[in-house]
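Working notes, structure below.
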Amino acid sequence: MARLKFGAFLAPHHPIGEHPMLQFRRDLNLVSQLDELGYDEFWCGEHHSSGWEMIASPEMFLAAAGERTKRIRLGTGVISLPYHHPYNVAQRMVQLDHMTGGRAIFGSGPGALASDAHTLGIDPMTQRDRQDEAIAIIRRLFNGERVTAKSDWFTMNDAALQILPLQEEMPFVVASQISPSGMTLAGKYGIGIISLGSMSTQGLMALPQQWEFAEDAAKKHGTSVSRANWRVLLSWHIAETREQARREAGPGLMRWHNEYTVGTLMRPGLKPFSSPDEAVDKTAFVDGAASTIGTPDDLVKTIKNLMQVSGGVGHIIGFVHDWANPENTRRSWDMVARYVVPEINGYIDGLRRSQKFVIENRAIFERAGQAVMAKIMDNDKAAAALSQTGPGRVAIPAVNAPDLQQAAAKQRG
């Protein structure tokens, strides 16, 4: 089975009250930690309202992150294409690709917050069509074409990029939630997908149907889509025990749900939680839950279930949140890297097989102990020292160690 890649998605969702400068710095420190822990990707988004989501330029943030990291890939999650002239987006992404040494991933969307579109005077009914139109133009620019195009929202005259991406082919990824538009767009262009709606139970169960949308669109347009380029978003908080995870994440989860999801976005059908325990129970301990608040083993189970339900994806992307305090949040990401990633990808299977082989084949290795004793008995001084030898006093690997006490007793006898 192909190994899963792991990453993080920072919208961000930060509670109002902390100094924005320190929030930016803390987020950049998180990217550095994820890079050191071996995560494959980091994503951050673009928002202009709501208070909780305060990164306006993912390209600017990722350029700073690129200077602090070495290997992690950096994705715009996402650039809202209807908000920008396509030529400017193409130029910024090319510059980001060069500034990060070819680690940029171009993620795009139509724009998630209605308040952002309102601020910019954009009719929400036009946003998805404009994203489609912009992707087609940006792909042509990345291919080195000189483009002349006139639309109801942009004009380009003999436009060509002075510099092409550093990567031979920069990855294109589109965001998808519950509607079929994102998956259909991915199929149309044969590009990657990041499914953001999977953080809900309904979104998780809809993944098979979502993939059908992508495959149907690919067939219609003569392209192909690969599950290896399908990224699915999950939310989690991991600790040594479920009780500890519950205690650390409950109050922040309740605040996020009550103040942001219900109080600010006013998502239909959602009600505030009355306590941190209710927040945890209804988020992570209901049938088909897409969120995990618990131990590394709990998250392993969630990911295996997702793979079964979806039919297979290529990337698991964790949603970055402030449910817990910064210290416990960083430890959660550390534990996922230390215990969940190797369990899912089989990095420690060989170690377990090796240990089991040694345990089950002890008799084969007895001769090694006999060889050690033979050398000891060949030396008069070494043989005489046996009487002074106790357990644990000789630096011999346990698998090769003879029973020195038994040998000393025989010699004294």
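No experiment lies behind these values; they were computed from the predicted model shown.
Other residues, nucleotides and ligands contribute only 12 or fewer heavy atoms inside 6.0 Å of the CE atom of Met125. Counted within 6.0 Å of CZ on Arg68, heavy atoms from surrounding residues, nucleotides or ligands total more than 12; the atom is thus considered enclosed. Residue Arg242 qualifies as open at atom CZ: its count of foreign heavy atoms under 6.0 Å is 12 or below. Atom CZ of Arg71 sits in a crowded spot, with more than 12 heavy atoms from other residues, nucleotides or ligands closer than 6.0 Å. For CD of Glu259, the number of neighbouring non-hydrogen atoms (other residues, nucleotides, ligands) closer than 6.0 Å is greater than 12. With a 6.0 Å radius and a threshold of 12 heavy atoms from other residues, nucleotides or ligands, Tyr339 has its OH atom at or below the threshold. Annotation: His118, atom NE2; neighbour count of heavy atoms from other residues, nucleotides and ligands within 6.0 Å does not exceed 12.
Between Arg128 and Asp132 there is no salt bridge, since no side-chain nitrogen of the basic residue lies less than 4.0 Å from a carboxylate oxygen of the acidic one. Between Glu343 and Arg352, at least one side-chain nitrogen of the basic residue sits less than 4.0 Å from a carboxylate oxygen of the acidic one, meeting the salt-bridge criterion. The pair Asp97-Arg103 does not count as a salt bridge, with every side-chain nitrogen at least 4.0 angstrom from each carboxylate oxygen. In this structure, Lys70 does not pair ionically with Glu36, as no charged nitrogen and carboxylate oxygen lie closer than 4.0 Å. Between Asp322 and Arg26 there is a salt bridge, with a side-chain nitrogen of the basic residue lying less than 4.0 Å from a carboxylate oxygen of the acidic one. Salt-bridge annotation for Glu59 and Arg92: present, with a side-chain N of the basic residue lying under 4.0 Å from a carboxylate O of the acidic one.
Side-chain atoms of Ser57 come within 3.5 Å of backbone atoms of Met60 as a donor-acceptor pair (strictly under, hydrogens ignored). In this structure, the side chain of Asn345 does not engage the main chain of Tyr347 through any donor-acceptor pair within 3.5 Å. Remark: the backbone N or O of Phe273 is paired with a side-chain donor or acceptor of Asn258 at under 3.5 angstrom. No donor-acceptor pair closer than 3.5 Å links the side chain of His14 to the backbone N or O of Gln23. Looking only at distances, a side-chain donor or acceptor of Glu46 sits under 3.5 Å from a matching main-chain atom of Ser80. Of the possible polar contacts, one joining the His257 side chain to the Lys271 backbone as a donor-acceptor pair under 3.5 Å is found. The backbone N or O of His47 sits nowhere less than 3.5 Å from a side-chain atom of Asp116 that would complete a donor-acceptor pair.
Arg139 forms no cation-pi arrangement with Tyr189, by the criterion of a distance under 6.0 Å to the ring centre and an angle within 45° of the ring axis.
Note that CG of Asn229 is 12.0 Å distant from CD1 of Ile194, once rounded to the nearest 0.5 Å. Between Glu243 atom CD and Thr295 atom OG1 the span is 10.0 Å, to the nearest 0.5 Å.
Taking the six-membered ring for Trp and the full ring otherwise, the centers of Phe172 and Phe106 sit less than 6.0 Å from each other. When ring centroids are compared, Phe319 and Trp236 stay outside the 6.0 Å threshold. For an aromatic pair to be called close, the ring centres must be under 6.0 Å apart, and His84 with Phe154 fails this.
Residues Val31 and Asp35 have side chains not in contact (no heavy-atom distance under 4.5 Å, counting atoms from C-beta outward). Counting only heavy atoms from C-beta outward, the side chains of Arg73 and Thr100 never approach each other to under 4.5 Å.
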Next on the checklist: Checking Asp334 against Arg330 for the salt bridge (charged side-chain N to carboxylate O under 4.0 Å, His left out) test, could you report, in this order, the C-alpha distance in whole Å, the side-chain angles of both residues, the deciding distance, and whether it holds?
Outcome noted: CA-CA 6 Å; Asp334 178 81; Arg330 289 173 67 88; over 6 Å; no
Item to check | salt bridge (charged side-chain N to carboxylate O under 4.0 Å, His left out) between Arg331 and Glu240, worked out | outcome: CA-CA 10 Å; Arg331 193 176 74 254; Glu240 284 78 2; 3.7 Å; yes
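Pairing each heavy atom of Ala337 with each of Pro342, the nearest pair is O-CD, 3.3 Å.
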